[in-house]
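Comments concern the structure below.
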Amino acid sequence: MQTALTVRGLQKSYGTHRVLNGISFEVRKGQTFALLGANGAGKTTLLECMEGLRRTDAGEIQVSGRRGVQLQSSTLPAQMKVAEALRFFGLWQHHEAQPEMLRALELEPLLQKQYGQLSTGQKRRVHLALALLGEAETLFLDEPTAGLDVEGQISLHREIRRLKQQGRTIVLASHDMAEVETLCDVIAILKDGALAFLGTPAELTKVVPGAVRLKVRFSAMPAEGEWQACRPLPAENGMLRFEADRLEDAMAELLAVAGRQNLAILELLTERPTLEERFLSMVREAKA
Amino acid sequence: MKAFLYGVALQWKLSLRNREVLIVYYLVPLVFFLFMGGVLTSIMPGANETLIASMTVFGVTMGGVLGMPAPLVAMYSTDMKKAYQVGGVPLWTAAASSVLSGFAHLFVMSLVIFFAAPVLFDAAMPQNLPAYFIALALLILASLCTGLVFGLVVKSAAKLSMVTQIIFLPSVLLSGIMFPASMLPAVLRGVGKLLFASWSFEAMCSPVVDAKLLLPLAGLILLPLAISAWRLNRIKAE
């Protein structure tokens, strides 16, 4: 598979503060790549470097084909009509807005509206249309659904899927883990200006500790100090709570403890933390 | 080129839709002209000889220095700048479009005064029409280029209205448009000579095309242009 985006040894500092510390990764053509990170992790700086908005101190960024960018906080003159914006930016990019794209983004009824009269969701769709104007092969979408209502989010997710089906490469920065989990093939997590994780959503669920949580009610309280695979958490409603990396190890240990101490397991509940919980756990670990 | 020209035409339309810009490009200068035209010609003998020039200098200075920078601050100090950059639009084009469309607006406003003043206030026509219109063109450019510097340097709309008074108020008071500059103390006359309004007022009233008046005016266009070019490079590198 061809490479759409290559980032090699990227470094960026503001004064003496190093924001990006030798970041390297590749995004394959047609992949949807999620960029995650807590505030201050260097996510925006990395994105702006890839978008061509910011100069790097060292390293290399290669983007194949045209680049389309939808910024998180972007604005246009309030009096500019949607049709005028599309024509203006289209002329600079030597491309006209295609009717199919306008239909897909539901922009046709808005063409004669001024930018200042649009809702947040409508503005996002306009900026997505502007990003798509130049027939960009690689799209950078910075929190595209931030501030949108559910309907707006669904509509934008549908559009991102459509773009993915067209074979576009998408780099998506988001705080919405559900969005990342459902839309993205690869996830990169930034931590203190370096890549803390790079892999698929499935791989992320494996590497983060606490892949499974268990709630157990024994017939009597088991003796303390026996736990290895199960890490005790504060009890809740008379049920013991544990966190474990692998469900099978945790189950084996619970059965072994129950057998050794002649206890019956009266109730057992398991739950898998969401990607969001895993991500938050990673961020917490990073802060600790 | 097509994209740039469309940008200029679009900027013209945007400023027509922008109530604040319309107020400073047209409404206030023309209301001021209607009011002060009546007052000056009533209380100052001979005011009608220079009324067209004085009211035009006031209106153009107001439009260029107070009106033109506001959309530029909105452009260069906000995320609008990034939207242009990622959209492949060179940053200088927004400044250039604002200057060109501003020129058209202020020229139209000046023509309204030029044609209305003789009818309404029995104002005398300028002594030398080529001298008047050359000076008018340079006045508009000097005013817009000065506004351009404010638009590129000042980072908030709130500060802009205060900072622009540094040029606007002395231009009105010291250039000779409200009362003869000869009545001013020498120091203030000297300060007045630093302002494009003084040179352009003299040039517009001159009976000949006078290079001695036009050259300083050209300098007062080139200086803010150079500052603006430097500032645009800084903004691009930020």
Side-chain angles (χ1 to χ4, degrees), chain A residues 14 44 47-55 63 66-97 112-117 123-124 126-136 138-143 171, chain B residues 1-25 67-98 100-102 105 151 156-157 233-238:
Chain A
Y14 297 123
T44 302
L47 262 180
E48 290 189 344
C49 290
M50 292 190 290
E51 289 162 356
L53 284 173
R54 211 167 272 283
R55 287 179 188 165
V63 182
R66 296 179 76 99
R67 198 169 11 197
V69 179
Q70 184 202 22
L71 299 164
Q72 186 200 347
S73 53
S74 193
T75 185
L76 293 174
Q79 297 81 15
M80 192 183 271
K81 290 181 182 173
V82 174
E84 291 168 342
L86 291 166
R87 172 115 175 100
F88 176 61
F89 287 97
L91 279 170
W92 279 106
Q93 296 180 28
H94 309 290
H95 278 88
E96 277 182 33
Q112 294 311 315
K113 272 199 167 186
Q114 291 182 12
Y115 183 79
Q117 298 170 329
K123 284 177 183 169
R124 295 241 182 226
V126 169
H127 286 287
L128 184 56
L130 295 179
L132 296 172
L133 262 182
E135 301 289 321
T138 307
L139 287 165
F140 295 89
L141 310 180
D142 192 356
E143 301 195 22
V171 177
Chain B
M1 192 61 183
K2 195 177 170 188
F4 176 70
L5 291 177
Y6 181 78
V8 175
L10 183 58
Q11 186 58 46
W12 160 270
K13 279 197 271 183
L14 295 183
S15 40
L16 280 178
R17 290 178 202 152
N18 187 334
R19 201 183 308 152
E20 285 153 33
V21 173
L22 271 187
I23 287 172
V24 280
Y25 273 170
M68 190 262 204
L72 290 178
V73 171
M75 162 78 197
Y76 289 103
S77 299
T78 66
D79 289 327
M80 204 183 289
K81 177 182 75 173
K82 288 183 184 175
Y84 274 56
Q85 281 176 301
V86 299
V89 184
L91 282 182
W92 63 267
T93 60
S97 302
S98 293
L100 292 174
S101 78
H105 284 298
S156 84
N233 271 328
R234 290 286 303 268
I235 291 171
K236 199 176 157 192
E238 273 170 7

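Reminder, nothing fancy here: chain letters follow the sequence lines and each chain counts from 1.
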F4(B)/W92(B) aromatic ring centres below 6.0 Å: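 Ring centroids of F4(B) and W92(B) are less than 6.0 Å from each other.
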Aromatic centroids of H127(A) and Y115(A) separated by under 6.0 Å: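 Between H127(A) and Y115(A), which both carry aromatic rings, the centre distance is below 6.0 Å.
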So for L130(A), is it side chain, backbone, both, or neither that comes closer than 4.5 Å to the heavy atoms of chain B?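 No part of it gets close to chain B.
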Check whether Q70(A) gets within reach of chain B through its side chain, its backbone, both or neither, counting any heavy atom under 4.5 Å.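 Neither part, no heavy atoms under 4.5 Å.
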Min side-chain heavy-atom separation E51(A)-K82(B) under 4.5 Å: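 Result no, sub-4.5 Å side-chain heavy-atom pair not found.
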Part of [X] lying under 4.5 Å from any heavy atom of chain A:
| X | value |
| --- | --- |
| K236(B) | neither |
| L10(B) | side chain |
| A74(B) | neither |

Can you check side chain to side chain contact (heavy atoms under 4.5 Å, CB included) on F89(A) and H95(A), steps first, answer last? CA-CA 8 Å; F89(A) 287 97; H95(A) 278 88; over 6 Å; no
Under the criterion side chain to side chain contact (heavy atoms under 4.5 Å, CB included), I'd like the reasoning laid out for F88(A) against L76(A): C-alpha separation, chi angles, the key distance, then a yes or no. CA-CA 11 Å; F88(A) 176 61; L76(A) 293 174; over 6 Å; no
Using a cut-off of under 4.5 Å for heavy-atom pairs, which of T78(B), T93(B), V86(B) has the most such pairs with chain A?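 Among the listed options, the one with the most contacts to chain A is V86(B).
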